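Okay, so here's the structure we're looking at.
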Amino acid sequence: MCGIVGYVGKKNSSDIVLDGLKTLEYRGYDSWGIAVNDNGKLDVFKKVGEINIKKVPLPKTSSAIGHTRWATHGGVNEINAHPHFSTRRDFVLAQNGIVENYQDLKGKLIMKGYTFDTETDTEVIVRLIEEKRKSNETLKDSVRDAFNELEGRNTVIVLDSSKEDHIIAVRNGSPLVLGIGKDGIFLASDALAFAKYTKDVVFLDNYDLVEINGNEFKIYDAKSGIRKEYKVTKLNNKIKGISKGKYSHFMIKEIVEQKDTVLKAAEYSEDDLKAIIEAVRNANRVYITGAGTAGFASGQIAYYLRNIAKVDALDVRSYDFETFLPILTKNDLVIAVSQSGETADTIEILEFAKEKGCKIGCIVNVEGSTIHRMSDYKYLIHAGPEICVASTKVFTSQCVFGYLLAKSMVNEYKEAKSYIQDLSDGLSDYFNEKSFKHIKKLAKKIKDNEHFFILGKGQNSYISLEGALKVKEISYKHFEGFSAGELKHGVIALVEDDTPVFSIISDDKDSKDIISATEEVKARGAFTVGVGDSKFKNESCFKYFLPTASNKELSGLANVVAFQLLSYFLADSLGNSIDKPRNLAKSVTVK
Ligand code: G6P
């Protein structure tokens with residue numbers, strides 16, 4: 001949901017900011033813009049669409065800010081793109097978030113004679129700072145005063161023209177990380193944006209205000225205005241610049257990486273897991289929560305905890321958690337599942353849970369993210385940066401961690417590790433031209449259909465939901481996943497001649513039910529596709545079969561990979577944008 005970058009230093013600032021924005025495009029790619037301070041004159045370059053240029057036509061300077069937008073207020077055009085000028089063009093500002101009281105503020109500013117050029121809520125912040133300048137000596141205090149009147153989760157960055165190399169930024173809700181390098185000081189929504197220049201970072205807290213003046217910076221508490229101490233953290237050395245390598249898209253690269261990432265997620269010793277095992281054991285109930293793909297991973301993890309460890313574990317989508325708050329007690333444990341660790345709905349629920357006195361655990365991919373920092377039990381899945389908006393490797397990693405946890409609770413840690421190794425080996429064998437060809441052939445066959453259904457049960461129940469989500473995100477086709485048991489209660493009414501129906505089948509107790517459900521849709525003319533254990537490939541109910549790296553208790557995770565590949569090849573054959581699908585953003589930091 002929008003990416004922010006700022007830089008002051010020896011290098012050409014617009015190059016650094018452009019490079020950073022390219023890394024942050026996963027956060028929004030409607031439009032983008034960069035502003036530089038050229039000897040006291042601010043120069044802005046904005047563009048609609050993805051960032052596809054190597055250099056911006058801006059003068060060489062030592063300070064710049066930039067923004068990549070995922071529109072919330074106001075259409076996608078250059079006027080609404082950030083950064084936004086102040087009326088006197090003496091500062092520019094970019095924002096990540098939503099000013100929830102913007103209409104109220106705008107009304108008051110209009111009464112005072114301010115005019116607005118854009119439809120954004122961002123411009124309200126700009127004008128409010130202008131208003132605050134009347135009663136404040138410094139731009140920093142004006143930004144602070146204005147910021148304290150904003151409602152909602154907002155992070156802003158301001159470039160000043162009155163002083164050389166002067167940037168002010170304030171964080172609330174949406175992430176902001178400061179990087180301290182030998183060639184300059186960096187600010188970004190994600191440390192990835194500058195990870196190739198420095199590993200020394202300060203993860204800013206909510207209401208931290210940073211002021212960069214040349215090669216120095218100071219951090220203040222935005223509420224009180226008092227100077228704050230800060231902690232410098234060393235980023236994991238392995239985080240480097242990101243590239244697609246030999247692949248044509250990040251999505252396929254990330255899908256294939258799963259043969260390794262499933263192992264990385266399980267690189268925890270029994271000792272490392274003790275704290276969370278203890279917390280799960282002592283909890284009255286364990287709530288697992290997340291949104292989107294992370295919400296489905298929560299479902300799969302809760303399934304493992306219930307069915308393997310016999311724990312009272314319930315998954316609740318974070319955006320719906322409010323309806324569970326009346327029964328949440330301080331003896332419950334809430335575990336958040338999130339790739340970014342910055343999803344607004346999930347953070348909000350954790351804040352409520354903390355207020356109730358609950359302990360918080362997390363299964364996240366981004367170190368130092370808000371959810372990571374606010375948790376009592378922190379577990380990183382070490383999947384490495386995931387760039388494609390549609391999540392693949394992170395889903396399987398989160399589930400693998402949940403599986404390892406559940407197995408460890410019943411003293412089956414070693415068995416879990418060996419099954420995870422089998423999954424990794426199975427995936428290594430599976431990623432070959434032959435499997436890809438088979439899936440591509442299917443993609444070609446079904447690409448003109450509009451409606452698709454996916455049946456799952458037991459360990460494949462959430463896989464059917466995640467499988468459907470994956471395909472719809474990239475192919476824009478209507479895919480619906482549901483539990484096979486639901487079929488007769490309505491969905492079967494939608495099945496007609498040639499409707500593709502996918503049935504996920506593992507070698508487990510649910511296979512019989514899946515076969516019966518498939519027979520029922522076949523009898524109504526469906527084009528039935530089995531996805532799963534090759535043992536079933538000759539079952540007469542299936543008209544097409546996609547064998548997977550199906551693997552005992554982790555069969556569901558092997559099966560989801562087939563849908564990730566189907567999604568990829570289907571979107572490719574339709575000519576869709578794969579890594580950046582329309583309307584979506586990878587990190588949803590606004591509500
Ligand atoms: C967006 C992304 C999904 C992701 C979800 C939750 O919808 O497109 O891929 O699963 O947000 O994000 P999180 O960072 O919390 O996993």
Side-chain angles (χ1 to χ4, degrees), residues 1-3 24-30 70 72 96 153 173-175 189-190 192 250-251 254-255 261 265 288-301 315-321 334-351 360-375 379-399 401-402 462-463 465-476 481 560 563-564 567-568 571 577-591:
M1 291 281 121
C2 305
L24 296 189
E25 260 195 308
Y26 70 84
R27 305 180 65 85
Y29 35 85
D30 292 342
W70 187 88
T72 59
N96 182 1
R153 295 171 191 272
S174 302
S189 307
D190 182 334
L192 258 187
F250 280 106
M251 185 176 190
E254 288 159 6
I255 291 174
T261 50
I288 324 266
T289 191
T293 290
F296 296 145
S298 306
Q300 193 70 8
I301 294 168
D315 61 293
V316 180
R317 297 295 99 77
S318 55
Y319 45 78
D320 279 339
F321 206 118
V334 180
I335 300 181
V337 181
S338 173
Q339 189 285 127
S340 62
E342 300 292 351
T343 299
D345 287 311
T346 311
I347 293 172
E348 189 177 277
I349 286 315
L350 297 184
E351 285 166 353
I360 309 287
C362 73
I363 304 172
V364 297
N365 194 34
V366 180
E367 187 178 0
S369 57
T370 304
I371 293 176
H372 187 235
R373 283 187 293 152
M374 71 195 289
S375 297
Y379 291 90
L380 289 165
I381 49 156
H382 302 296
E386 189 182 63
I387 304 302
C388 177
V389 167
S391 180
T392 52
K393 62 176 179 173
V394 163
F395 174 79
T396 45
S397 288
Q398 287 164 337
C399 296
F401 179 84
Y462 276 95
I463 300 305
L465 303 182
E466 172 54 14
L469 174 63
K470 214 46 42 205
V471 200
K472 72 179 103 158
E473 279 177 308
I474 312 286
S475 72
Y476 316 139
V560 83
F563 289 99
Q564 297 171 349
S567 164
Y568 178 75
S577 163
I578 291 181
D579 288 332
K580 294 176 196 142
R582 74 178 179 211
N583 300 341
L584 298 174
K586 186 148 190 74
S587 182
V588 184
T589 55
V590 293
K591 293 215 351 140

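First listed ligand is number 1; within each ligand, the first listed atom is number 1. Bear in mind the structure is a predicted one, so any value in this text is a computation, not a measurement.
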> Given S189 and R27, is the side-chain contact (heavy atoms from CB on, under 4.5 Å) satisfied, shown in steps?
Replying inline: CA-CA 9 Å; S189 307; R27 305 180 65 85; 3.5 Å; yes
>> Using the rule given for side-chain contact (heavy atoms from CB on, under 4.5 Å), can you reason through T289 versus I335, listing the C-alpha separation, both sets of side-chain angles and the distance that settles it, and then say yes or no?
In response: CA-CA 6 Å; T289 191; I335 300 181; over 6 Å; no
>> One pair to check against side-chain contact (heavy atoms from CB on, under 4.5 Å): V364 and Q339. What are the steps and the verdict?
In response: CA-CA 5 Å; V364 297; Q339 189 285 127; over 6 Å; no
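In this structure, atom 8 (O) of ligand 1 lies nearest to the protein heavy atom A585 O, 3.1 Å. Nearest to atom 7 (O) of ligand 1 among the protein's heavy atoms is V588 CG2, 4.0 Å. Ranking the protein heavy atoms by distance from atom 9 (O) of ligand 1 puts V389 O, 3.4 Å first. The single protein non-hydrogen atom nearest to atom 2 (C) of ligand 1 is K586 O, 3.3 Å, given as residue, atom name and distance. Protein heavy atom in closest approach to atom 12 (O) of ligand 1: T343 OG1, 3.2 Å. For atom 14 (O) of ligand 1, the closest non-hydrogen atom on the protein side is S340 OG, 2.6 Å.
For the pair A291 and ligand 1, a heavy-atom separation below 4.0 Å is found.
For ligand 1, the atoms lying closer than 4.0 Å to a non-hydrogen atom of S391 are 9 (O). Residue Q339 approaches ligand 1 through these ligand atoms, each under 4.0 Å from one of its heavy atoms: 13 (P), 14 (O), 15 (O), 16 (O). Ligand 1 places these atoms under 4.0 Å from at least one heavy atom of A294: 10 (O), 16 (O).
Residue T346 has no nitrogen or oxygen atom sitting less than 3.5 Å from a nitrogen or oxygen atom of ligand 1, judged on distance alone. Below 3.5 Å of separation, one finds an N or O of T293 facing an N or O of ligand 1.
There is a side-chain donor-acceptor pair under 3.5 Å between K470 and T293. Looking at S318 and T346, their side chains do bring a donor and an acceptor atom within 3.5 Å of each other. A donor-acceptor pair shorter than 3.5 Å can be found between the side chains of T370 and E342.
A383 meets the side-chain contact (heavy atoms from CB on, under 4.5 Å) test with T261, N365, I381, K393, V394, S397; sequence neighbours excluded. Under the rule for a ring-ring contact (aromatic ring centres under 6.0 Å, His included), the partners of Y379 that lie at least two apart in sequence or sit in another chain are Y268, F401.
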